[in-house]
Amino acid sequence: MKIELKNKNIVLGVCGGIAAYKSVELLRRLKKEAANVRVIMTENAQWFVGPVTFEALSGHPVCINLFENGDDATISHIQWAEEADAVVIAPATANIIGKLAGGIADDALSTFLLAVTTPVLVCPSMNTNMYLSPPMQRNIQTIKTDGVIVLEPAAGELACGTEGPGRLPEPEFILDRLKACLTPKDLKGKKILVTAGPTREPIDPVRFISNPSSGKMGYAIARAAEQRGADVVMVSGPVDLPTPFNIEVIKVETAQEMAETVFSNMKDIDIMIMTAAVSDYRPKAQASQKIKKVKEELVLDLTRNQDILKELGAKKTTQFLVGFAAETERLEEHAGQKLKEKNLDIIIGNLVGSPTSGFQAETNQVTIFYKDGSKEPLPLMKKDEVAHILLDRIADII
Ligand code: PMT
């Protein structure tokens, strides 16, 4: 149930703020995803970016004035409102937010906003003091209560020279939230715990045993679950990925830390998905100082780490438990064995060792193995597509 923007009717509202230039990039990204985008600008937005730019990129006339001659502008706000799958206002100024909160319709954009019934995503961008002012905060609260989705502005140095919240979030992030608006919330009310990334088992203060897991697969599942309305906790090993929006991320280093964190967070969890590449062994002892290369050979004594997944399989009561099996050969045999031994509901057999599948890749080649003995091989696809298919199957079963 991955939400595609392809052929979706999106209305982009652009207001008069310095961040209007970013809405050009947002429009470009929407078009790249094959969305059908129409732009409504306020009069003041034209001071920052001209309508010709939006017209050229969207392939449609831009609506600015309710009473323009020469095209269907007088009715377009109603017609566009009826056809829109979602609306995004970026940047949203204090003025448009105030109008929306007060039900004022005195130009094309504000009139359109009263007529629209599909999800509206408002992305405020303004001076920090304006944003934090009591009337602004009151208005944001009012539109949220009315069902409008309001993005927190990013914090940082603003064009006006102040520092603090007020920056328009990056187009990538707005796009992600837009998809979330459009995604049916079939996992609403479900609590999901995901593990992701590698673990690091220290040898001495500067060396460790680890593996190439990037966390991409686990983060894709966490993001997909959040988009579908779940309450997500992620226990993550060290990875170089941005913290996903609206997800509690608990950072850990070692397998032991991951085990303790998972066990202490499993209460009230409905679905547990273990994508982490947990180190099976750790050095028996960690040297307190950097080991010097004095000997020709060095033997490390390793000891077994706890199998977190197996322990979860033994402890679980009502939770739905999903494991991953990273295999370089005999996928079905190895994955099937882990499914049984660890008392899992599903195991994802993951062929690793190719540049397009498994560790670090953007795509993945997996087979879903079910408890009843059936299996479902999936073609090579993006990790976020794998994530949504896995969540579809889980949602069907539970
Ligand atoms: O992070 P990416 O770069 O996107 O790569 C994704 C991935 C290849 C890491 C992921 O898709 C994957 O296959 N994860 C499982 C990796 C793994 O450790 O497989 P395993 O067969 O060794 O372990 C089986 C299961 O037991 C896994 O769910 C693992 O989380 C769990 N396990 C393993 C050892 C251990 N001590 N405790 C565990 O809980």
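One-based numbering, in listed order, for ligands and for the atoms of each. Quick note: residue numbers are just sequence positions, from 1. Just so it is clear, the values below take in all heavy atoms, side chains as well, and ignore hydrogens, waters and symmetry mates.
D372 and S374 share a donor-acceptor pair across their side chains, judged by distance under 3.5 Å alone. A side-chain N or O of E201 and one of T199 form a donor-acceptor pair less than 3.5 Å apart.
Using a 4.0 Å cut-off between charged nitrogen and carboxylate oxygen, D106 and K99 count as a salt-bridge pair.
Tracing side-chain contacts under 4.5 Å through hydrophobic residues (I, L, V, M, F, W, Y), one reaches L30 starting from L168; they form part of the same cluster. I250 and M272 sit in two unconnected hydrophobic clusters of ILVMFWY residues. Membership requires side-chain heavy atoms under 4.5 Å apart, directly or through other members. A single hydrophobic cluster is seen to contain both V232 and I398, as judged by linkage of ILVMFWY side chains at heavy-atom distances under 4.5 Å, directly or through other members.
Close approach of ligand 1 to K383 is summarised as follows: ligand atoms under 4.0 Å from at least one heavy atom of the residue are 2 (P), 3 (O), 4 (O), 5 (O). Proximity to K216 (heavy-atom distance under 4.0 Å) selects the following atoms of ligand 1: 1 (O), 2 (P), 4 (O). Which parts of ligand 1 touch G358 is read off a 4.0 Å heavy-atom cut-off, strictly below it: atoms 5 (O), 8 (C). Within ligand 1, counting atoms from 1 as listed, the ones closer than 4.0 Å to a heavy atom of S213 are 1 (O), 2 (P), 3 (O), 9 (C). Taking a cut-off of under 4.0 Å to the non-hydrogen atoms of Q360, the atoms of ligand 1 that pass are 2 (P), 3 (O).
Residue A276 holds the heavy atom nearest to atom 30 (O) of ligand 1 of all those in G323, A255, A325, A276. Considering each of T199, D307, D280, the one bringing a non-hydrogen atom nearest atom 34 (C) of ligand 1 is D280.
Below 3.5 Å of separation, one finds an N or O of I308 facing an N or O of ligand 1. Among the atoms of M274, some N or O lies under 3.5 angstrom from an N or O of ligand 1. Checking only distances, G197 never comes within under 3.5 Å of ligand 1, N or O to N or O.
The shortest separation from a heavy atom of G215 to ligand 1 is under 4.0 Å, placing the residue in contact. The closest approach between any non-hydrogen atom of T195 and ligand 1 is not below 4.0 Å. Residue-ligand proximity: H334 is placed with every non-hydrogen atom at 4.0 Å or more from ligand 1.
Nearest non-hydrogen protein atom to atom 26 (O) of ligand 1 is K342 NZ, 3.1 Å. Nearest protein heavy-atom contact of atom 36 (N) of ligand 1 is Q306 O, 3.0 Å. Among protein heavy atoms, atom 20 (P) of ligand 1 sits closest to K338 NZ, 3.7 Å. Closest to atom 8 (C) of ligand 1 among all protein heavy atoms lies N350 OD1, 3.6 Å. Protein heavy atom closest to atom 19 (O) of ligand 1, with residue, atom name and distance, is A326 N, 3.3 Å. The protein non-hydrogen atom at the shortest distance from atom 18 (O) of ligand 1 is A277 CA, 3.4 Å. The nearest heavy-atom contact from the protein to atom 24 (C) of ligand 1 is F324 O, 2.8 Å. The protein non-hydrogen atom at the shortest distance from atom 14 (N) of ligand 1 is T275 O, 2.9 Å.
The environment of CD in E333 is crowded: more than 12 heavy-atom neighbours from other residues, nucleotides or ligands sit within 6.0 Å. For I389, the CD1 atom counts as densely surrounded, since its 6.0 Å shell holds more than 12 non-hydrogen atoms of other residues, nucleotides or ligands. Other residues, nucleotides and ligands place more than 12 heavy atoms under 6.0 Å from the CD atom of Q137.
Residue pairs meeting the side chain to side chain donor-acceptor pair (under 3.5 Å) criterion with at least one member in residues 301-320, sequence neighbours excluded, are R282-N305, D307-K342, K316-D345, T317-Q319. Note on residues 25-54: pairs passing salt bridge (Lys or Arg N to Asp or Glu O under 4.0 Å), not counting sequence neighbours, are E25-R28, R29-E172, E33-K179, R38-E83.
Just one of I273, L321, V322 meets the side-chain contact (heavy atoms from CB on, under 4.5 Å) condition when paired with I346; it is V322.
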Practice item. Just do the salt bridge (charged side-chain N to carboxylate O under 4.0 Å, His left out) check on D204 and K290 with the steps written out, would you? Key: CA-CA 6 Å; D204 69 13; K290 184 178 172 192; over 6 Å; no
